[in-house]
Amino acid sequence: MPSFQHQLVKTLLSAAAGPIARRRPTLNTLRLGLELSTLLQFMPWNVHFERADTGSTGVVAEWIEPDGADRRRVLLYLHGGAYVMGSLNTHRGFIGALAQQCGLRALSADYRKAPEHPFPAALHDAAAAWHWLLGQGYRPQDVVLAGDSAGGGLVLALMLYLRKAGLPQPAAALCLSPWSDLAIPGSAAFTAEKLPDEAKLVEALEIKAWGQQYAGSTPLTHPMLSPLFAELHDLPPLLLQVSDGELLYPDTLALATKARTAGVPVTLQTFEGLVHWWHLFWRTVPEAKQALQQAGDFVQGVWRAQAAAEQLLAQKHLGAKRPKPIRAVARAAA
């Protein structure tokens, strides 16, 4: 059963649906409101941030680094916000908490938003951030991708882009409530009695229209817009976190099934009765803290698997080079 803290958050969000539906605030008003909400957010203790100089890439980004982070590896984070809002400010504290759990420094990359910059602007910016990281000396296998909601969908799209270009994949990807089908057809999987409470807020915010604004003239079924329609083979290990109280729940289950069928290692972690974006309430909601800890455990498991694979390869290489015993050589000569 969801915690009291989560029930309070859910009540506040549900109460906001009515006024939003009646007043129909403009997108710029919603953007401003989201930015103002960051005034009440704080970084975790012992986590620091500074603007990253990404040179001529044009991507606005910042480093978020916990004390003691492993600087040999990095978390590339793409924030959510339905492709139309969100920024470095809105996700800074959350990314700091995630980076702390993962023991990594993070590069938080902003990207251009719709409707001013429709597809593929966000994908191009994500790819530019990836290439910039590699230019800083990181190997692909030292990078973990992560994103929430639209950012989770963008993470999947970035991996599809890399595969299409014949480029190496990252070590793994964390997709937190990923938006994998811009049409949000998963709502049809719920009966009227079990339709999530957040459906009213989603309808009030007209999120489906935002997805169309990002798509522009591109069909919503394009795999780099809606990765649920993509062929999902040859991708790195995926962590999918989702709540059964989200409209995105059926789509995420379908994504997990399709990826597993394609041979991708998938870890699916489901939570009960939580609202979309519950991760962002990491400071007060116990389920958010649990999700972050599980994400950190997943990343540590990726590094352990890498180390085991490298050790096995080293042993095989050493065995191939080891000279045959003198007696064996003598018998062979005779």
Side-chain angles (χ1 to χ4, degrees), residues 9 13 16-17 20 25-41 59-62 64 75-98 106-126 128-129 145-158 173-184 198 201-216 220 224-227 241-243 246-248 251-252 275-282 288 291:
V9 168
L13 293 176
I20 290 175
T26 66
L27 179 56
N28 283 335
T29 299
L30 292 171
R31 286 170 171 170
L32 177 60
L34 187 58
E35 291 295 321
L36 290 175
S37 71
T38 65
L39 298 176
L40 301 177
Q41 296 184 30
V59 178
V60 179
E62 67 183 18
I64 298 176
L75 183 75
L76 173 57
Y77 198 93
L78 304 172
H79 67 76
Y83 295 106
V84 300
M85 64 177 69
S87 69
L88 300 180
N89 298 328
T90 60
H91 283 65
R92 183 177 293 124
F94 164 69
I95 297 172
L98 177 62
L107 182 74
S108 174
D110 206 355
Y111 50 86
R112 288 169 290 172
K113 311 295 188 302
E116 297 88 348
H117 303 284
F119 175 82
L123 178 57
H124 286 173
D125 289 349
L145 300 183
D148 62 285
S149 192
L154 191 54
V155 161
L156 293 165
L158 176 56
L174 316 179
C175 299
L176 314 179
S177 301
W179 193 8
S180 60
D181 186 346
L182 293 193
I184 318 182
E198 73 173 35
L201 184 60
V202 168
E203 183 178 351
L205 290 172
E206 302 180 279
I207 289 178
K208 287 187 179 181
W210 293 347
Q212 185 61 67
Q213 289 177 354
Y214 173 56
L220 292 179
M224 291 190 188
L225 280 171
S226 298
Q241 289 187 343
V242 69
S243 162
E246 297 183 77
L247 284 175
L248 300 181
D251 296 340
T252 305
V275 298
H276 187 58
W277 263 11
W278 88 88
H279 297 84
L280 297 191
F281 302 99
W282 60 274

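Just so it is clear, the values below take in all heavy atoms, side chains as well, and ignore hydrogens, waters and symmetry mates. Along the sequence shown, the residues carry numbers beginning at 1.
Taken from NE2 in H91 to CG in D148, the straight-line distance is 3.5 Å, to the nearest 0.5 Å. Put simply, OG1 on T38 and CZ on R92 are 7.5 Å apart, with the number rounded to the nearest 0.5 Å. Note that NE2 of H124 is 13.5 Å distant from NE2 of H117, once rounded to the nearest 0.5 Å. Distance check, rounded to the nearest 0.5 Å: CG of L220 to CG of L225 gives 7.0 Å. With rounding to the nearest 0.5 angstrom, the OG atom of S87 is 10.0 Å from the OH atom of Y111. Distance check: I95 CD1 to W282 CH2 gives 12.0 Å after rounding to the nearest 0.5 Å.
Between A109 and A129 the shortest heavy-atom distance is CB-CB, 3.8 Å. The shortest non-hydrogen separation linking G81 to A150 is N-CB, 4.2 Å. Nearest approach of L34 to G86, heavy atoms of both residues: CD2-N, 3.9 Å. Residues P227 and A157 approach most closely at CG-N, 4.2 Å, considering heavy atoms.
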Take E246 and V275 through the side-chain contact (heavy atoms from CB on, under 4.5 Å) test and state the conclusion after the steps.
-> CA-CA 6 Å; E246 297 183 77; V275 298; over 6 Å; no
Could you check L123 against M224 for side-chain contact (heavy atoms from CB on, under 4.5 Å), going step by step and ending with a plain yes or no?
-> CA-CA 8 Å; L123 178 57; M224 291 190 188; 3.6 Å; yes
Steps toward side-chain contact (heavy atoms from CB on, under 4.5 Å) verdict (K113, R31) | CA-CA 11 Å; K113 311 295 188 302; R31 286 170 171 170; 4.0 Å; yes
So W179 and I184, side-chain contact (heavy atoms from CB on, under 4.5 Å) or not? Walk me through it.
-> CA-CA 8 Å; W179 193 8; I184 318 182; 3.4 Å; yes
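Between Y83 and Y214, the ring planes are parallel. Angles under 30° get that label, and only those over 60° would be called perpendicular.
Side chains of L75 and L107 form no contact here, defined as non-hydrogen atoms less than 4.5 Å apart. In this structure, the side chains of L78 and L145 stay at 4.5 Å or more apart for every pair of heavy atoms. For the pair L247 and H276, the minimum side-chain heavy-atom distance is 4.5 Å or more. Put simply, the side chain of H79 does not reach to within 4.5 Å of the side chain of F94, judged on heavy atoms. A 4.5 Å side-chain heavy-atom check between Q241 and C175 finds every atom pair outside the cut-off. Side-chain contact between V9 and W278 is absent, with no heavy atoms from C-beta onward closer than 4.5 Å. Contact annotation: the side chain of L27 approaches that of P115 to within less than 4.5 Å [non-hydrogen atoms, C-beta and beyond].
Without hydrogens or angle criteria, S149 side chain to G151 main chain gives no donor-acceptor distance under 3.5 Å. For D110 (side chain) and V60 (main-chain N/O), no donor-acceptor pair under 3.5 Å exists by modelled atom type. Panel note: side chain S226, backbone L182; a donor-acceptor pair is recorded below 3.5 Å. The closest donor-acceptor contact from the side chain of T252 to the backbone of L248 lies under 3.5 Å.
By the salt bridge (charged side-chain N to carboxylate O under 4.0 Å, His left out) test, D181 is found to be paired with no residue, residues two or more places apart in sequence or in another chain being considered.
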